[in-house]
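Here is the structure we will look at, set down as structure tokens.
Each chain gets a letter, A, B and so on, in the order its sequence line appears, and its residues count up from 1. All values reported here derive from a predicted model rather than from experimental measurement.
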Protein chains: 2
Amino acid sequence: MSEPRTSTRDRILEVCLDVFNERGPAEVTTAEIAAEVGISEGNLHYHFRRKEQIVAALFDQFEAAIERAGSGTAFRHLHAQPHLAYLAGWFNSMWAWRCFYAASIYRLVPALQPRLTAITDRGQAHIRRMLRELVRDGVLIVPPAEIDRLVVNAWIVASCWFDYVRYSQGVHKVTREHLNWGFAQVEALVAPYAAPPGRPARRD
Amino acid sequence: MSEPRTSTRDRILEVCLDVFNERGPAEVTTAEIAAEVGISEGNLHYHFRRKEQIVAALFDQFEAAIERAGSGTAFRHLHAQPHLAYLAGWFNSMWAWRCFYAASIYRLVPALQPRLTAITDRGQAHIRRMLRELVRDGVLIVPPAEIDRLVVNAWIVASCWFDYVRYSQGVHKVTREHLNWGFAQVEALVAPYAAPPGRPARRD
DNA sequence: GTCTATAATGAGATAGAC
DNA sequence: GTCTATCTCATTATAGAC
């Protein structure tokens with residue numbers, strides 16, 4: 001009846017999310033995890049038999065969070081730029097779950113890859129719908145043939161900019177401030193499609 | 001005086017490039033490498049003390065190749081769309097060195113990361129110059145403020161689409177055919193900036 | 001240069017006491 | 001549920017003969 005404030009299992013997950021976000025699961029040993037949680041390796045093994053199971057348990061939560069970010073309140077109250085609201089909701093949740101935006105995690109736990117594909121498919125379908133509505137409403141002008149490529153490019157930039165910043169730019173410790181940068185990069189993909197009213201006159 | 005056709009060292013590098021491209025260096029053990037080359041593990045260790053040294057030796061070649069792809073013949077004979085020629089040259093070399101377009105390799109051999117940053121800086125500077133020329137020549141219309149973000153987005157898509165295809169799309173074996181797909185994705189980034197003559201009339 | 005054989009690591013998994 | 005102590009196993013690293 002009387003559970004401890006937070007169960008050991010939950011404390012493990014909390015600690016792991018933090019440390020996975022900071023360094024990535026492959027760079028952390030089970031010994032370090034146990035020490036960080038303040039329990040023995042044997043006890044850690046009692047709760048999760050393998051490190052992959054910890055990653056998988058966290059992915060469950062990530063999956064739920066991203067679904068919320070994608071179809072939740074952000075998209076409910078439509079205003080002038082619903083796609084920006086959606087994007088903002090997504091980027092907001094991105095920080096808390098940034099370890100899942102590193103390709104290496106799917107190499108470590110390949111079982112998660114199909115679920116990432118499912119997230120990708122649903123997310124892209126959602127973005128595609130939004131873009132079509134914006135085109136219909138005259139906010140954007142996108143030739144139909146270009147919509148799919150635009151959606152995919154937006155997804156690539158939004159989901160890969162973490163790795164880009166880390167490896168191509170050499171940023172060792174990604175901070176929250178980088179989020180705004182990534183957000184602006186995705187915004188820039190859509191900018192050239194803005195209909196003239198929302199876009200200052202061209203200077204040639 | 002009489003060297004063997006290809007030295008053992010070179011054979012090791014050849015085999016490793018193949019197998020790293022197929023599976024990534026982290027997924028291949030030194031034992032497998034030795035077996036594949038047809039030598040003993042002890043001999044492999046004589047030539048390269050650690051797997052990272054093999055990766056680094058291959059990176060030397062990659063670095064040279066990408067420099068050639070960027071500033072070599074492709075860019076020499078300028079035609080209507082020099083940026084496409086550059087892009088084609090880059091994508092062409094990309095297949096042979098695709099293991100270096102996986103984020104995980106820089107996690108395995110962090111020493112390479114600064115060199116990747118240098119490649120990125122030079123490459124982006126080159127692309128920026130090309131875009132400015134195209135704008136000056138009236139081929140593209142890009143507001144000056146958008147050029148930098150466009151360059152970075154092009155780089156992200158061009159260098160990350162491999163990981164995207166693998167993990168987000170669930171493609172287990174990336175083939176040469178995927179190259180054309182990636183190429184088209186990068187092209188699509190620039191398409192909306194094409195000046196009206198090069199672009200069919202808008203349909204709203 | 002190349003081999004065989006063996007040592008040193010280090011991470012994860014497990015048994016059994018408390 | 002939790003601990004201590006041990007085990008397994010895959011690599012990587014090395015010594016020394018040929």
Just checking, is any N or O donor in the side chain of B/S7 or B/D10 under 3.5 Å from an acceptor N or O on the other one?
yes
Distance test, side-chain N/O of A/R49 to OP1/OP2 of C/dT14, below 4.0 Å:
yes
Round to a whole Å and report the spacing from CD of B/E52 to C1' of D/dT11.
12 Å
Separation of atom CD1 in A/I54 from atom C1' in C/dA13, rounded to whole Å:
13 Å
Measure from CD on B/E41 to C1' on D/dA10 and round the result to the nearest Å.
11 Å
Output the rounded distance in Å from CD (B/E27) to P (D/dA10).
16 Å
Can you see if the side chain of A/T8 gets near the phosphate of D/dT2 - specifically, an N or O under 4.0 Å from OP1 or OP2?
yes
Which is true for A/S40 with a 4.0 Å heavy-atom rule: it touches a base, it touches only sugar-phosphate, or it touches nothing?
base
Distance check: side-chain N/O of A/H45 vs OP1/OP2 of D/dC3, anything under 4.0 Å?
no
Would you say D/dG1 has OP1 or OP2 under 4.0 Å from some side-chain N or O of A/N43?
no
Integer-rounded Å distance: C/dG12 C1' and A/I33 CD1:
11 Å
Starting from C1' on C/dG10, measure out to CD on A/E32 and report it in whole angstrom.
12 Å
In whole angstrom, what separates A/Y46's OH from D/dT2's P?
8 Å
Indicate whether OP1 or OP2 belonging to D/dT11 is found under 4.0 Å from a side-chain N or O atom of B/K51.
no
Counting only N and O atoms by type, is there a donor-acceptor contact under 3.5 Å from the side chain of B/S168 to the main-chain atoms of A/T117?
no
Is the B/F100 ring parallel, tilted or perpendicular to the B/Y106 ring (thresholds 30°, 60°)?
tilted
Which of these nucleotides, C/dT2, D/dT2, D/dT12, is closest to any side-chain atom of B/H47?
C/dT2
Among D/dA13, C/dA13, D/dG1, the one nearest any side-chain atom of B/R50 is D/dA13
Hey, mind stepping through B/E187 and A/R149 against salt bridge (Lys or Arg N to Asp or Glu O under 4.0 Å) and telling me if it holds?
CA-CA 10 Å; B/E187 256 192 300; A/R149 294 206 181 275; over 6 Å; no
List for me each residue that meets side chain to side chain donor-acceptor pair (under 3.5 Å) alongside A/R49, sequence neighbours excluded, and say none if there are none.
none
Does B/T30 have a side-chain nitrogen or oxygen under 4.0 Å from the phosphate oxygens OP1 or OP2 of D/dT11?
no
